[in-house]
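Below is one structure, written out as structure tokens; the observations come after it.
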2 protein chains.
Amino acid sequence: MTDADERCVCVIDDDDEVRGALASLFRSAGLTALVYESPSAFLEAGLPDCACCLVLDVRLRGESGLDFQDLLAERAIAIPIVMMTGHGDIPMTVRAMRAGAIDFLPKPFGTEDMLAAVLRAIETDRARRATASDSDRLRSAFARLTPREREVMGLVVTGLMNKQVAGRLNLSEITVKIHRGNVMRKMEAQSLADLVRMAEQLGVRDETIHRYGL
Amino acid sequence: MTDADERCVCVIDDDDEVRGALASLFRSAGLTALVYESPSAFLEAGLPDCACCLVLDVRLRGESGLDFQDLLAERAIAIPIVMMTGHGDIPMTVRAMRAGAIDFLPKPFGTEDMLAAVLRAIETDRARRATASDSDRLRSAFARLTPREREVMGLVVTGLMNKQVAGRLNLSEITVKIHRGNVMRKMEAQSLADLVRMAEQLGVRDETIHRYGL
DNA sequence: AAAGGTATCATACGCAGGTATGGGAAAGGT
DNA sequence: ACCTTTCCCATACCTGCGTATGATACCTTT
């Protein structure tokens, strides 16, 4: 198994025994298990760079697992969460699921249920990471454009002709053509259709329409 | 208030009293309430043509509300569901929420909670209907294209030049140009960028790539 | 001061896209 | 039999796009 196939589970629970039991369960299933006794310990450690998920108790010493879930969402940390609890009720479940939890397991739970939930969560993360890395490559290419090139790109993918872009930016048409050519090359777009799809994913068009009132 | 602003709640419950109580609650909030004593009665009546939602008991005579939720999903009936129950547990809640339920209310619930859930569900439906009607206009325009025009559109929005499209379809370039012009006119696309976005929404490109192995 | 990146523009050439005009052929419905 | 639709193609013309060549100017970094 290569590193790229590594699958990892982060467990946050304030009970030593629970942490130990879950860790050995996951390890016996071929997963890497990382255990933390508090949310802050987890945050300080940083996220592992592989398909991973978080197993979280709803009630932690002094902190709510549900609040921590919200905190992760605010910080745009999109790790899938499997929630577990000894004293759960339906409103808690609704809140957790609405916030995007993969599963919500009342204790005591069967080890197969936990394992199934975790595998499901890891698979979700794997898919998310795949699309996120595509999006990242796109974003970094876009970041390498000059400000002018970004402006031209926005107007071009909105459907304006070169001369119209030139008018809006007070440029000559030939200058627009040059910027446009640079954009195609730097973004590695094979065609205008390609560039339009990239722009759509980046939200470039929405931004352009807003800025120029199209 | 015009018809377009009408908001409607469908209640399915086998208990007369519950139906009556919920109906009067919703009506007092300015909503149209339709009550049904079984899922089949609801299906026979057909969906109201306005922003609406479904309030459903998990346990119905002989039928499961959760199974009915799955049935609606299978039939692509995308009405938002507020689930309620007298004997709910966490796994049921997880299943309902995972299947897209807006809320899951254990009985007895506060009337404000129910009303809030229903308003939220109706707002969800309103947004869904708005995007669905856009998509419908697009679909009907696409349906008015001839088979050839659809093929040409697929290849054009994939990024192929006219001569490449001509090669693939064993046509002359001029014929492709004519079809392409017809596509732009019939789809009311103002630019190629426009057409690419329409095609993306319609899933035309995925289909084309699959068919021609691009 | 030199170098490099960014931005601007002109001219010119070739290719791509779009439309108009005109014509031919096959399929399907009235 | 006739009409409509769909599909096909040719010639011609105009517009739009892309790039090469060459030039000027500004700013920042070295």
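Both backbone and side-chain heavy atoms feed into the values below; hydrogens, waters and symmetry mates do not. Letters go in sequence order (proteins before strands), and every chain restarts at 1.
Nearest-nucleotide assignment on DNA chain D puts the 5′-proximal partner with B:Arg144, out of A:Met184 and B:Arg144.
Atom CG of B:Leu145 is separated from atom P of D:dT6 by 10 Å (rounded to the nearest Å). To the nearest angstrom, C1' of C:dT8 lies 11 Å from CD1 of A:Ile174. Atoms CZ (B:Arg148) and P (C:dA26) sit 16 Å apart, rounded to a whole Å. The distance between atom CD of B:Glu149 and atom P of D:dC7, rounded to the nearest whole Å, is 6 Å. Rounded to an integer number of Å, the gap from CZ of A:Arg180 to C1' of C:dC9 is 18 Å. Rounding to whole angstrom units, CD of residue A:Glu173 and P of D:dT19 are separated by 14 Å. With rounding to whole Å, B:Ile178 atom CD1 is found 11 Å from C:dG22 atom C1'. Taking atom CG on B:Leu192 and atom C1' on C:dA16, their separation rounds to 12 Å, with Å as the unit.
Contact annotation for B:Thr175: base contact, defined as any heavy-atom pair under 4.0 Å involving a base atom. If you check every strand for non-hydrogen atoms under 4.0 Å, B:Leu171 touches sugar and phosphate atoms only.
Here C:dG18 is the nucleotide among C:dA16, D:dT19, C:dG18 with the atom lying nearest to any side-chain atom of B:Lys177. Comparing D:dC7, D:dG16, C:dT8 by their closest approach to the side chain of A:Lys163 singles out D:dG16.
A 4.5 Å side-chain heavy-atom check between A:Val18 and A:Met84 finds at least one atom pair inside the cut-off.
Between D:dT6 and B:His179, no contact under 4.0 Å exists linking OP1 or OP2 to a side-chain N or O. Between B:Thr146 and the phosphate of D:dT5, there is no side-chain N or O to OP1/OP2 separation shorter than 4.0 Å. Proximity of A:Asn162 to the phosphate of D:dG16: no side-chain N or O atom is located under 4.0 Å from OP1 or OP2.
Heavy-atom contacts from other residues, nucleotides or ligands closer than 6.0 Å to CZ of A:Arg150 number more than 12.
The closest side-chain donor-acceptor pair between A:Glu6 and A:Thr32 falls under 3.5 angstrom.
Remark: B:Glu123 does not engage B:Arg7 in a salt bridge, criterion side-chain N to carboxylate O under 4.0 Å. A salt bridge links A:Asp49 with A:Arg129; the closest basic N to acidic carboxylate O contact falls under 4.0 Å.
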